[in-house]
Amino acid sequence: MGISRRRFVQGLALGGVAAGFGLSRAGWGKGYPDGPQTLRGSEFDLTIGETTVNYTGRPRIATTINGTLPGPTLRWREGDTVTLRVHNRLAQTSSIHWHGILLPANMDGVPGLSFRGIPPGGTYSYQFRLRQSGTYWYHSHSMLQEQTGLYAPLIVEPREPEPFRYDRDYVVMLSDWTDEDPHRVFAKLKKMPEYYNFNQQTLGDLLRDIRGEGFRPALAERLMWGQMRMKPTDIADVSGYTYTYLMNGVTPAGNWTGLFRPGEKIRLRFINGAAMSFFDVRIPGLKMTVVAADGQNVHPVTVDEFRIGVAETYDVIVEPDADAAYTIFAQAQDRSGYARGTLAPRAGMSAAVPAPDPRVLLTMADMGHGGMEHGGMDHAAMGHGAHGGLTHPASETGNPMVDMQTMMPAPKLDDPGIGLRDNGRRVLTYADLKSLFDDPDGRTPGRTVTLHLTGHMERYVWSFDGIKFADAEPLRFSYGERLRVELVNDTMMEHPIHLHGMWSDLEDEHGRFKVRKHTVNMPPGTRRSFRVTADALGRWAFHCHLLYHMEAGMFREVRVDEGGAT
Amino acid sequence: MTGPQMLRFALALGLSAAVMPAGAAEDTHHGHHGHEPPATAAPAQQAPVPQIPAPTDAERAAAFPDLDGMEHAHGMDTPDMLYLLLDQFEWVDADHGGALRWEAIGWWGNDERRLWLRTEGERADGETGRAELQLLFGRPLARWWDLLTGLRHDTEPGPSQTWLVLGVQGLAPYWFETEATLFVGESGQSSLRLEVEYELLLTNRLILQPLLEINAYGEDDPARGLGSGLASTEAGLRLRYEIRREIAPYLGVSWEKRHGDSADFARQAGEDVSDTALVAGIRLWY
């Protein structure tokens, strides 16, 4: 681990956007590490372009909005009609998708589904009325532009007073930066899916386990995984080997800082704008009270830590009363690195940065294969058996692009998640999220659409029901219907599933409305359901928000029309 | 009907029968005309609940804009890619002198269709002792296996010859990279080759790679020193260090033994029946 490796993980202290934001409009960029600038109002001009950044000691070209990474924070007001003129100065088609915002389909910004994209040199005017409030974000939906910097926070201020108070308001946007061309990253994953995983089990681990557990149990465990051709270290496809994790566009070494006066209540709006990274967030020394998830107010719940899936948002309130600095620590789920910032009474202060937690190992139970006692399971039967009422779609059977199927999936809403159990900290779970309002539709879902999340690690193919987007027919929703979407995760990875245009009203294990979300996280071995009111005509994207999973095929068109479901 | 269509159809039928109210199930078979005004909809259609108003024509137009035939950017499948692996490129220090040996594979294509290239050979004293090139078409066969068919051409040893190739390759349980290939030569000769490889991680960068290769032939071929039945066994053990994943120098040992008639042919030619050698090389891929 030389200097260069450390630089890669922690980044440069004075990294970030180097070229004066490219546009040099007065009054905009206040420079780093103050975080992204904020634009308010109802009319905006946004310019997509290229800007030189330097996070690791090597200058790179980022794709940016108005010259910054992340782009400017937009502050809108509920009920307003906003107009956004987006100018594309790239050499290729671009787009902006307003993540989690209800709007007409032609304003959603998904090229080929709801508009043609913004051509090089072109402008697209987005206009829509805001029917919601809360913390959201926006990003490109073209190719892999999101990985190179095209994302930014989005806040809709409510008309009605909020059910909580705070004195300061900071956006904390987490993301992952790579110096590599994202197309090259994708190609590497296709050719060698474990390319970025330097946390694999070694001979030394086996010897240690043999000493600890005895020869037979240690070997049996290895054989079980080997038989399945799976790796218990498969937590993240892309790791800190190439990623520098950013907080508001600032490297850990750069240390983004939010100032406060002791005793103040601070609202932190966490947004996971990463391409591929889940983060586990905590602020040692401070309790966090979660007041909103995906922009929707929830019954306040106080925790020490929470996991934020890609594309999710959580609003928390903290109340530091000491005249001291606190570290905002967001470690990547695979523990290969972290984003970090500081809350402090004065600039330049910092607190201790925790060491990342130990490497995380998946268990058979994590993948919905029951406990260890099911070790010598019959994999041939896994595909066809109906375990606990579970049937797998016929399209998964005999499909060379599907490498495994879960046997006993469960909602696991009260599970803190892989690597967060019994860590001595109170960790937020989906079971803790309780909407402040009742089911806004009220109807019992008229039908259930079940989709299995599928894939093949070694071929690096991802899909729904074993069918990649390229080969899939749209899902048909009938305008006006209330339906249930049930997801079963047949893969060994966690997938944040995002439906455009409509809410995903998460249900509990008894089918009761819990909380309204735009992105539903699906750990391996889970079966979760949400309700949808199909009140938005059009062709909508429905996909895993892990960028390379989406690109590899875990994507569907949801078509809402007036003809009824077929 | 394609697979996905069939699935969707079955899903719709099954679910609508099981879950949808009787009235609603009837319009399952209705055509869906995205721009059809509600007035013309069938009377059996489930009425939208009051808080969801019927869309206006302007809203319909906004929902289904004319994309001028443009496909969704993701509608195209994963783009074709090129993979080249120089698995062995090594100097062999054998009893009878040094030699340069190579073994490489490559593919170009996507998840469903790939054009494969395999080549291996050996040069010593400025002469090529053995060289073969395979050009194959590969498709996924099962979860962990691909089926490969194509041609193999040998320029050495002896007169050049061409073979038909039928092979299976993939990942056997417990992470054994496996290739089983059947060759049928133009002269009627047949051959079977089995290769198994494993990667033992000493650390995440220091990797020990044992491999085993077995060759068998259907007929005696004295000109090339090949006897029918089990002809040769080759074992190797290479320890590589991945400076980057793509760049890994290695050291190792290779052992080769000829069996049966092939061993006899070797003895007649004054060659060794078994050979142990140290190897040093580099593994590269793109």
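Chain letters run A, B, ... following the sequence lines, proteins first and then strands; every chain starts at 1.
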Atom CG in B:Asp66, atom CZ in A:Phe115: separation rounded to 0.5 Å? 15.0 Å
Relative to chain A, which segment of B:Leu82 carries a heavy atom at a distance below 4.5 Å: side chain, backbone, both, or neither? backbone
For A:Asn399, which atoms come within 4.5 Å of any heavy atom of chain B: side chain, backbone, both, or neither? backbone
Run the side chain to side chain contact (heavy atoms under 4.5 Å, CB included) check on A:Lys231 and B:Trp175 step by step: do they pass? CA-CA 10 Å; A:Lys231 290 174 181 166; B:Trp175 298 99; 3.6 Å; yes
What's the spacing between A:Tyr241 OH and B:Arg244 CZ if we round to 0.5 Å? 5.5 Å
Hey, is A:Glu194 close enough to B:Arg245 for a salt bridge, meaning N to O under 4.0 Å? no
Any side-chain heavy atom of B:Thr78 sitting closer than 4.5 Å to one from A:Glu551? no
Does any backbone or side-chain atom of A:Thr533 lie under 4.5 Å from a heavy atom of chain B? Answer side chain, backbone, both or neither. side chain
Just how far is it from atom CD1 of B:Ile52 to atom CZ of A:Arg482, taken to the nearest 0.5 Å? 8.5 Å
Neighbour count above 12 (heavy atom, 6.0 Å) for B:Trp108 CH2: no
Heavy-atom proximity to chain A below 4.5 Å, by part of B:Ala62: both
Under 4.5 Å between any side-chain heavy atoms of B:Tyr83 and A:Lys190, yes or no? no
Taking the side chain as C-beta and beyond, is there a heavy-atom pair between A:Pro104 and B:Glu59 under 4.5 Å? no
Can you say whether A:Trp540 sits under 4.5 Å from chain B via the side chain, the backbone, both, or neither, judging by heavy atoms? neither
All heavy atoms of A:Tyr479 vs all of B:Pro55, minimum pair found to be CE2-CD, 3.6 Å
Nearest-0.5 Å distance that lies between atom CD in A:Gln200 and atom CD in B:Glu199: 9.5 Å
For a 4.5 angstrom cut-off between non-hydrogen side-chain atoms, does A:Arg222 reach B:Tyr174? no
Which bit of B:Pro140 comes within less than 4.5 Å of chain A, counting heavy atoms only: side chain, backbone, both or neither? both
Locate the shortest heavy-atom distance separating B:Ala63 from A:Leu537; write the atom from each residue and the value. CB-O, 3.3 Å
Mind checking whether A:Arg539 and B:Leu67 have side chains closer than 4.5 Å, heavy atoms only? yes
Among the listed options A:Asn199, A:Leu483, A:Asp535, A:Thr93, the residue most often paired with chain B at heavy-atom distances under 4.5 Å: A:Asn199
Heavy-atom pairs under 4.5 Å with chain A - which of B:Leu85, B:Ile207, B:Asn204, B:Leu206 has more of them than the others? B:Asn204
Most chain B-contacting option - heavy-atom pairs closer than 4.5 Å, from A:Gly204, A:Ser95, A:Ser114: A:Ser114
Could you check whether atom CZ of B:Phe89 has more than 12 heavy atoms from other residues, nucleotides or ligands sitting under 6.0 Å from it? no
Side chains of B:Glu112 and A:Val461, heavy atoms from C-beta outward: is any pair under 4.5 Å? no
Check this for me, if you would: do A:Glu458 and B:Arg143 make a salt bridge, where the nitrogen-to-carboxylate-oxygen distance has to be below 4.0 angstrom? no
Between A:Met192 and B:Glu246, does the side chain to side chain contact (heavy atoms under 4.5 Å, CB included) criterion hold? Intermediate values first, please. CA-CA 10 Å; A:Met192 185 188 181; B:Glu246 299 93 333; over 6 Å; no
Option in A:Met107, A:His543, A:Met230, A:Gln201 with maximal non-hydrogen atom pairs under 4.5 Å from chain B: A:Met230
If you measure from CD on B:Glu242 to CZ on A:Phe198, what distance do you get to the nearest 0.5 Å? 7.0 Å
Stepwise side chain to side chain contact (heavy atoms under 4.5 Å, CB included) test for B:Trp144 and A:Arg459: CA-CA 9 Å; B:Trp144 306 101; A:Arg459 299 186 192 275; 5.9 Å; no
Most contact-rich option vs chain B, by heavy-atom pairs under 4.5 angstrom, among A:Asn197, A:Leu223, A:Val560, is A:Leu223
Do you know which of A:Lys188, A:His183, A:Lys191 has the most heavy-atom pairs with chain B at a distance under 4.5 angstrom? A:Lys191
Where does B:Phe176 contact chain A at under 4.5 Å (heavy atoms): side chain, backbone, both or neither? neither
Proximal component of A:Asp108, with respect to chain B [non-hydrogen, under 4.5 Å]: neither
Rounded to the nearest 0.5 Å, what separation is found between the OH atom of A:Tyr460 and the CG atom of B:Asp111? 12.0 Å
